[in-house]
Amino acid sequence: MTLILALTCAVAVGNVYFPQAVVPLAAAGLGVPPESASLAVTATQAGYTAGMFLLVPLGDRLPHRAFLVALLGLTGLGLCAAGCAPSLPVLVAASAFTGFTTVAAQVVGPLAAGLVAPDRRGAVIGTLLSGSIGGMLLARTFSGTLGEWLGWRAPYLVAAALVLLLAAALARTVPVTAPSSRQPYPALLAEPLRLLRTEPALRRSCFYQATVFAGFSAVWTGVALLLTGPSYGLGAQAVGLLALVGGPTMFCTPFAGRLVDRRGPDPVNLVCLLGVLASAPVMAVGASGGALGPAALVLGTLLLDVAMQSGMVANQARVYAVRPDARSRLNTAYMTCAYVGGSAGSWIGVRAYGRAGWWGVCALVALLAALALARHLAALYGRAPVGKRLPPPS
């Protein structure tokens, strides 16, 4: 069951990223400029954001099996429509619909958290996140290679077939679960904001992930400018190759999940935030170029990626434990804050690079990590129950 759900996460997340690699091929096939064809990618991402807001809270209102099968079925139809699109407007509309419905990974997490014992929840979350990371990393390679062989429509149609096969598999394997909420749909949409206001553990997890993901996004926005700038003079392909360095993270998140099960999320968060902070000076060496620069970039971005994703396992384990009857709404609040932080990080990262170069981006990462670390230490030592201070984390 865990492996099937991890594969579902990989495919659902991959649907957001694989169109990026076929934009030039789609542009040539439809006879439009590449800049226009890139609207399909933008539409997919915008649809995904809207789906998180509007669909994921329904995971607490609807039976999980029926909801997942319906989402995957609709995603398969959207991918078929995109793969058969006769013109760019049809492709953009189908891409927006696909992004809107391919939110199964955000539904799978709360489902899995409710199916396993609390002492195994971290390990399962880590495995699911490993699947999402794999889908994100491999999707571009899959679509680019298949598109070169068979044309830009092939990745969409193959992805559609895979999604529909998964829908059939989940219809037979996922147990029937009763809805945890009877609230009407408008109340479900408002609930994530109320939970943010009333649940300190949720706010804390959201703050950690928003700040760290902001630094992560700033790095990947700035590193493209660094590698294609005068220090390195490389092409855009180099950025894609550097992104593959994050592959080992797939094997680290299950280990982080087992640590969360044994020690709790707070010690894992502490180590991860220290890892993010340590990655900043390592990456800063990459500004020098030469022989040492690429090695520093590889090591620093790998450390950042492992720390960020492992911290996400700890954060989600804490979030899912807040209220078992509202896990989908909790996840909506958490992921929305994370993506808001990531979007802000990309925007600030470009400006930091423009003012201070790569050093400015690395300083931004260090500042954001220090803010999250200060908040975490305050939570560990400043709010102990019954007037007592918590012992140092193991």
Side-chain angles (χ1 to χ4, degrees), residues 49 52-61 64 103 105-119 121-122 124-126 128-129 177 179-214 257 260-261 263-270 272-273 308 310-342 344 371-388 390 393:
T49 304
M52 282 202 300
F53 273 112
L54 300 175
L55 293 181
V56 173
L58 286 171
D60 291 329
R61 183 69 174 81
H64 282 115
V103 292
Q106 308 307 329
V107 178
V108 163
L111 163 65
L115 292 177
V116 300
D119 61 349
R121 189 172 294 148
V124 171
I125 292 172
L128 297 181
L129 185 56
T177 56
S180 59
S181 173
R182 296 292 181 183
Q183 286 183 298
Y185 181 60
L188 284 175
L189 292 184
E191 187 75 359
L193 291 176
R194 191 189 69 80
L195 289 168
L196 274 173
R197 188 176 66 252
T198 59
E199 300 293 346
L202 173 62
R203 288 199 303 273
R204 188 155 63 96
S205 295
C206 289
F207 183 74
Y208 298 160
Q209 195 62 31
T211 51
V212 172
F213 195 42
V260 170
D261 290 334
R263 302 292 186 88
D266 283 344
V268 176
N269 269 136
L270 179 61
C272 291
L273 292 173
M308 190 271 289
S310 298
M312 188 169 185
V313 176
N315 289 330
Q316 286 191 305
R318 184 187 297 107
V319 166
Y320 290 152
V322 170
R323 275 189 45 192
D325 64 316
R327 287 193 174 111
S328 290
R329 286 162 285 173
L330 289 163
N331 197 44
T332 297
Y334 172 75
M335 293 303 298
T336 299
C337 289
Y339 274 87
V340 168
L371 289 173
L373 184 60
R375 175 68 180 86
H376 189 54
L377 292 175
L380 287 179
Y381 300 113
R383 293 177 180 238
V386 202
K388 296 181 180 179
L390 294 174

Legend entry - Any residue meeting side chain to side chain donor-acceptor pair (under 3.5 Å) with Ser310, in chain and number order, not counting sequence neighbours: none
Between [Y] and [X], is there a side-chain heavy-atom distance shorter than 4.5 Å?
X	Y	result
Cys206	Leu196	yes
Gln316	Asn331	yes
His376	Tyr208	yes
Leu58	Leu188	yes
Thr336	Phe53	yes
Val313	Val268	no
Phe207	Asn315	no

Inset, instruction - Please determine, by modelled atom types, if Gln209 and Tyr334 share a side-chain donor-acceptor pair under 3.5 angstrom. - result: yes
Legend entry - Flag for Arg204-Asn269: side-chain donor and acceptor within less than 3.5 Å: no
Legend entry - side-chain contact (heavy atoms from CB on, under 4.5 Å) between Val319 and Glu199, worked out: CA-CA 9 Å; Val319 166; Glu199 300 293 346; over 6 Å; no
Is there a donor-acceptor contact under 3.5 Å from the side chain of [X] to the main chain of [Y]?
X	Y	result
Arg329	Pro57	no
Arg327	Asp60	no
His64	Gly59	yes

Inset, instruction - Taking all non-hydrogen atoms of both residues into account, name the closest pair between Asp261 and Gly122 and its distance. - result: OD1-N, 2.6 Å
Legend entry - Heavy-atom pair with the smallest gap, counting every atom of Gly311 and Cys272: N-SG, 3.4 Å
Inset, instruction - Start with the C-alpha gap between Leu195 and Arg323, add the side-chain angles, then the distance that decides, and say whether side-chain contact (heavy atoms from CB on, under 4.5 Å) holds. - result: CA-CA 10 Å; Leu195 289 168; Arg323 275 189 45 192; 3.6 Å; yes
